[in-house]
Student: 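Quick one: this structure, given as structure tokens, is what I'll be asking you about.
Because the structure is a prediction, the values reported are computed rather than measured. The chains referred to below are lettered A, B, ... by the order of the sequence lines, with proteins before strands, and numbering in each begins at 1.
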Amino acid sequence: MTQFTEEVLVIIQRIPYGSVMSYGRIARLAGNARGARQVVRILHSMTEKYNLPWHRIINSKGKISITDESYAAIQRELLISEGVEVSENGYIDISKYGT
DNA sequence: GTGGTGACGGGCC
DNA sequence: AGGCCCGCCACCA
């Protein structure tokens, strides 16, 4: 377990209810500006173990970035259930819900 | 060792 | 907004 990984886990767990943060943003806060892809990996491999709010993570353009449609739909639902507005095509107003 | 692969980002148009 | 391209980097077959 690297220092970066631990930082990422903590940061993600600290994202407040009803708001979102981008992969790259998390990577920077964790100390690695180019670690966005690692953040993705961590999400994939540790979401269950550490009970992470993976649905609050979107890409820098403010859009749900999951390629798998079924999972993307789940993320949309989870966000909406937290009061976050998500457009039909998966976009979220960063200036309003961003962190 | 090695090449292909993303739940990415930034720049450009 | 949305598409394309290129740089990045840990993983995995």
Side-chain angles (χ1 to χ4, degrees):
Chain A
M1 177 86 79
T2 66
Q3 175 67 42
F4 176 74
T5 301
E6 289 184 39
E7 287 297 321
V8 170
L9 292 176
V10 173
I11 293 171
I12 291 177
Q13 291 171 328
R14 282 183 175 167
I15 300 176
Y17 180 97
S19 44
V20 298
M21 192 179 280
S22 79
Y23 302 88
R25 199 59 196 310
I26 293 171
R28 274 193 299 271
L29 292 178
N32 183 347
R34 309 205 270 306
R37 310 202 83 128
Q38 279 185 67
V39 173
V40 171
R41 279 220 137 284
I42 293 171
L43 245 44
H44 266 255
S45 58
M46 314 198 172
T47 288
E48 298 184 18
K49 290 180 122 183
Y50 295 81
N51 203 7
L52 303 174
W54 59 276
H55 58 284
R56 300 202 257 234
I57 317 298
I58 59 182
N59 67 25
S60 66
K61 295 212 164 66
K63 183 185 181 184
I64 289 179
S65 192
I66 302 178
T67 50
D68 184 316
E69 284 303 327
S70 60
Y71 272 100
I74 294 174
Q75 176 169 22
R76 213 165 50 230
E77 289 309 308
L78 287 172
L79 287 172
I80 292 175
S81 73
E82 291 192 356
V84 177
E85 297 177 50
V86 184
S87 70
E88 183 92 17
N89 43 344
Y91 276 90
I92 294 164
D93 187 343
I94 297 299
S95 64
K96 198 168 175 184
Y97 304 101
T99 313

Student: Please say yes or no: joined through hydrophobic side-chain contacts below 4.5 Å, possibly via intermediate residues, are A/Ile74 and A/Ile66 part of one cluster?
Tutor: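 As far as the 4.5 Å side-chain criterion goes, A/Ile66 and A/Ile74 are connected within one cluster.
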Student: For DNA chain B, which residues of residues 43-56 of chain A approach it to below 4.0 angstrom with any heavy atom?
Tutor: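 Contacting residues: A/Leu43, A/His44, A/Trp54.
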Student: Run the numbers on A/Gln75 and A/Ile58 for side chain to side chain contact (heavy atoms under 4.5 Å, CB included), then give the verdict.
Tutor: CA-CA 10 Å; A/Gln75 176 169 22; A/Ile58 59 182; 4.0 Å; yes
Student: Using a 4.5 Å cut-off on heavy atoms from C-beta on, say whether the side chain of A/Val84 contacts that of A/Ser19.
Tutor: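 No, too far: nothing below the 4.5 Å cut-off.
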Student: Which atom pairs, donor and acceptor, lie under 3.5 Å between side-chain atoms of residues 42-50 of chain A and protein residues at least two apart or in another chain?
Tutor:
from: A/Ser45; atom 1: OG; to: A/Arg41; atom 2: O; distance (Å): 3.0
from: A/Thr47; atom 1: OG1; to: A/Leu43; atom 2: O; distance (Å): 2.3

Student: With a 4.5 Å cut-off on side-chain heavy-atom distances among I, L, V, M, F, W and Y, is there a chain of contacts connecting A/Ile15 to A/Val20?
Tutor: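 In one cluster with A/Ile15: A/Val20, yes.
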Student: With a 4.5 Å heavy-atom cut-off, do A/Arg37 and A/Tyr23 have their side chains touching?
Tutor: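 The answer is no, as the side chains (C-beta and beyond) never meet within the 4.5 Å cut-off.
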Student: Could you pull out every donor-acceptor pair under 3.5 Å between side chains of residues 25-33 of chain A and any protein atom, sequence neighbours left out?
Tutor:
from: A/Arg25; atom 1: NH1; to: A/Thr99; atom 2: O; distance (Å): 2.0
from: A/Arg25; atom 1: NH2; to: A/Thr99; atom 2: O; distance (Å): 3.1
from: A/Asn32; atom 1: OD1; to: A/Arg34; atom 2: N; distance (Å): 3.0
from: A/Asn32; atom 1: OD1; to: A/Gly35; atom 2: N; distance (Å): 3.3

Student: Are the side chains of A/Leu9 and A/Met1 in touch, meaning some heavy atoms are under 4.5 Å apart?
Tutor: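 In contact.
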Student: Got A/Gln13 and A/Leu52 here, is their nearest side-chain heavy-atom distance under 4.5 Å?
Tutor: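 Contact flag for A/Gln13/A/Leu52 side chains = yes.
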Student: Considering all heavy atoms of both residues, which atom of A/Leu78 and which atom of A/Ser81 are nearest to each other, and what is their separation?
Tutor: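 Distance-wise, the nearest heavy atoms are O-OG, 2.5 Å.
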Student: Let me check I have this right: for DNA chain B, each base becomes ., (, ), [, ] or |, based on Watson-Crick or G-U pairs with both distances under 3.5 Å. What is the full string?
Tutor: .|||||.||||||
Student: Using atom CG of A/Asn59 as one end and atom P of B/dG6 as the other, report the distance to the nearest whole Å.
Tutor: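 To the nearest whole Å, that distance equals 16 Å.
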Student: Can you sort out which residues in residues 5-31 of chain A have a heavy atom within less than 4.0 Å of DNA chain B? Ascending by number, please.
Tutor: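 Those residues are A/Ser22, A/Tyr23, A/Gly24, A/Arg28.
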Student: Using a cut-off of 4.0 Å between protein heavy atoms and nucleotide atoms, how would you tag nucleotides 2-11 of chain C 5' to 3' with B, S and -?
Tutor: S----BBSSS
Student: Counting distance only, does the side-chain N/O of A/Glu85 pair as donor-acceptor with the main-chain N or O of A/Tyr97 below 3.5 Å?
Tutor: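 Side chain of A/Glu85 to backbone of A/Tyr97: no pair is present.
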Student: Rounding to a whole Å, what distance do you find between A/Tyr71:OH and B/dG6:P?
Tutor: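 For the pair A/Tyr71 OH and B/dG6 P, the rounded distance is 16 Å.
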Student: Would you kindly confirm whether A/Ile11 and A/Ile57 end up in one hydrophobic cluster when ILVMFWY residues are joined by side chain heavy atoms under 4.5 Å apart?
Tutor: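 Yes, one cluster joins them.
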Student: How close do A/Tyr71 and A/Trp54 get, counting heavy atoms only, and between which atoms?
Tutor: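 Scanning both residues completely, I find the closest heavy atoms to be O-CH2, 4.2 Å.
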Student: Taking CG from A/Asp68 and P from B/dA7, how many angstroms apart are they, rounded to a whole number?
Tutor: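 Between P of B/dA7 and CG of A/Asp68: 9 Å.
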